[in-house]
Amino acid sequence: MPPTTTRSPDLSLVTDLFVMAERMLVEVLGRIRHGDGRIVLPPMRVGDEPATIRESVARHVRDEARLAGLPEVELGTDPHPVIARLADEAMEAARAGRISADDLLLATITRCFLAHDVAFHLGSTACPLPEELARPLWEITDPDAEWWREQRVFGEPLLPMPPHVSWRDRFLRTAGRDPHPHFD
């Protein structure tokens with residue numbers, strides 16, 4: 001949850017951002033093919049162990065069910081229909097106001113990280129995070145970046161920040177994530 005010393009983010013804005021992140025993640029997870037589930041992703045949170053794509057998607061599905069107010073769901077052998085259905089349920093719960101702004105913000109951030117990690121580890125050189133999602137996420141989280149680091153959601157920022165960096169790169173670098181891991 002975001003810091004209690006600052007006000008919670010606007011529910012309407014965070015709901016819109018969550019919906020964008022959900023749609024982006026469903027599209028990226030739809031790229032997973034047989035055998036890709038064994039690919040190892042970096043830790044989602046600072047201090048966590050790396051996890052395979054399959055493990056990361058299973059954790060995501062559990063979180064989707066929790067947000068949507070549903071019992072846990074089995075991933076199965078073809079996870080994409082399950083992922084898409086749960087995303088629809090979670091988006092509906094968000095639009096209906098059944099998820100707090102703080103929970104939506106954390107869920108939005110983790111969906112962006114998962115989409116970024118999966119896309120790059122599947123070989124994409126383009127980050128799936130759109131600028132219209134990245135800019136408001138950066139604007140909301142940057143003032144409290146140290147708090148996000150204390151919660152292990154963000155790592156140490158990747159500095160120096162280039163002067164003309166995109167919002168997507170600014171958000172990811174502030175969160176301690178390399179926006180272009182293939183180019184390092």
**Asked** What's the shortest heavy-atom distance between Leu129 and Met24, and which atoms?
**Response** CA-SD, 3.5 Å
**Six-ring centre of Phe113, Arg177 cation under 6.0 angstrom, axis tolerance 45°** = yes
**Prompt:** Is any side-chain heavy atom of Pro79 less than 4.5 Å from a side-chain heavy atom of Val61?
**Reply:** no
**Request:** Might you point out which heavy atoms bring His80 and Gly30 nearest each other, and give the distance in Å?
**Result:** CD2-CA, 3.1 Å
**Atom pair CD/CG of Glu132 and Leu17 - distance to nearest 0.5 Å** = 10.0 Å
**Message:** If hydrophobic clusters are built from ILVMFWY residues whose side chains come within less than 4.5 Å, do Leu122 and Val40 share one?
**Reply:** no
**Reported CD-to-CD1 distance for the pair Glu64 and Ile83, which is rounded to 0.5 angstrom** = 9.0 Å
**Request:** Considering only NZ, NE, NH1 and NH2 on the basic side and carboxylate oxygens on the acidic side, decide whether Glu89 and Arg98 come within less than 4.0 Å.
**Result:** no
**Message:** With a 3.5 Å distance limit and no angle check, can you tell me whether Asp36 reaches the backbone of Arg33 through a side-chain donor-acceptor pair?
**Reply:** yes
**Message:** How close do Val46 and Gly155 get, counting heavy atoms only, and between which atoms?
**Reply:** CG2-CA, 3.5 Å
**Complete:** Here the gap from Leu11 atom CG to Arg95 atom CZ, rounded to the nearest 0.5 Å, amounts to 13.0 Å
**Request:** Dump the intermediate steps for side-chain contact (heavy atoms from CB on, under 4.5 Å) on Ile32 and Ile39, then the final yes or no.
**Result:** CA-CA 10 Å; Ile32 297 170; Ile39 296 171; over 6 Å; no
**Request:** Would you name the heavy atoms of Arg173 and Pro160 that are closest together and state the gap between them?
**Result:** NH2-O, 2.7 Å
**Message:** Once rounded to the nearest 0.5 Å, what's the spacing between atom CG of Leu106 and atom OG1 of Thr141?
**Reply:** 11.5 Å
**Complete:** In terms of heavy-atom contacts, Thr52 and Gly37 come closest through CB-O, 3.1 Å
**Request:** Examine distances only and state if a side-chain atom of Thr174 and a backbone atom of Arg170 form a donor-acceptor pair shorter than 3.5 Å.
**Result:** yes
**Asked** Hey, any chance Leu158 and Trp148 share a hydrophobic cluster, counting ILVMFWY side chains that come within less than 4.5 Å of each other, even indirectly?
**Response** no
**Request:** Salt-bridge test for Arg66 and Asp63: reply yes if a basic N is under 4.0 Å from a carboxylate O, no otherwise.
**Result:** yes
**Asked** Same cluster or not: are Met91 and Val73 linked, directly or through other Ile, Leu, Val, Met, Phe, Trp or Tyr residues, by side-chain heavy atoms under 4.5 angstrom apart?
**Response** yes
**Prompt:** Going by heavy atoms in the side chains, are Asp102 and Pro9 under 4.5 Å from each other?
**Reply:** yes
**Prompt:** Leu104, Leu70: one ILVMFWY side-chain cluster at the under-4.5 Å cut-off?
**Reply:** yes
**Asked** If you measure from CG on Leu105 to CZ on Phe18, what distance do you get to the nearest 0.5 Å?
**Response** 11.5 Å
**Message:** With rounding to the nearest 0.5 angstrom, report the NE2 to CG distance, His60 to Leu86.
**Reply:** 7.5 Å
**Asked** In a check of side-chain contact (heavy atoms from CB on, under 4.5 Å) between Pro128 and each of Leu133, Val28, Val118, which one passes?
**Response** Val28
**Prompt:** Side chain of His116, backbone of Cys112: donor and acceptor closer than 3.5 Å?
**Reply:** no
**Complete:** Contacts of Asp78 meeting side chain to side chain donor-acceptor pair (under 3.5 Å) (sequence neighbours excluded), chain-then-number -> none
**Request:** Check whether any side-chain heavy atom of Ile140 sits under 4.5 Å from a side-chain heavy atom of Leu13, and report yes or no.
**Result:** yes
**Prompt:** Within a strict 4.5 Å, meaning less than it, do heavy atoms of the Pro50 and Pro43 side chains meet?
**Reply:** yes
**Prompt:** Does the Arg45 side chain pair with the main chain of Gln151, one donor and one acceptor, at a distance under 3.5 Å?
**Reply:** yes
**Request:** Evaluate the side-chain contact (heavy atoms from CB on, under 4.5 Å) criterion for residues Asp142 and Phe171: first the C-alpha distance (whole Å), next the side-chain angles of each, then the deciding distance (0.1 Å), finally the verdict.
**Result:** CA-CA 8 Å; Asp142 182 61; Phe171 170 68; over 6 Å; no
**Heavy-atom closest pair, residues Leu67 and Ala93** = O-CB, 3.8 Å
**Cluster link Val82 to Val26, ILVMFWY, side chain under 4.5 Å** = yes
**Item:** Glu131 side chain to Trp167 backbone, donor-acceptor under 3.5 Å
**Value:** yes
**Item:** For Glu146, all residues meeting salt bridge (charged side-chain N to carboxylate O under 4.0 Å, His left out), sequence neighbours excluded
**Value:** Arg149
**Request:** Check whether NZ of the Lys or CZ of the Arg Arg135 lies under 6.0 Å from the centre of the six-membered ring of Trp138 and within 45 degrees of that ring's axis.
**Result:** no
**Item:** NZ/NE/NH1/NH2 to OD/OE distance under 4.0 Å, Arg152 and Asp48
**Value:** yes
**Prompt:** Does any N or O in the side chain of Arg111 come within less than 3.5 Å of the main-chain N or O of Glu22, such that one atom is a donor and the other an acceptor?
**Reply:** no
**Message:** Quiz question: by atom type and distance under 3.5 Å, do the side chains of Asp169 and His180 form a donor-acceptor pair?
**Reply:** yes
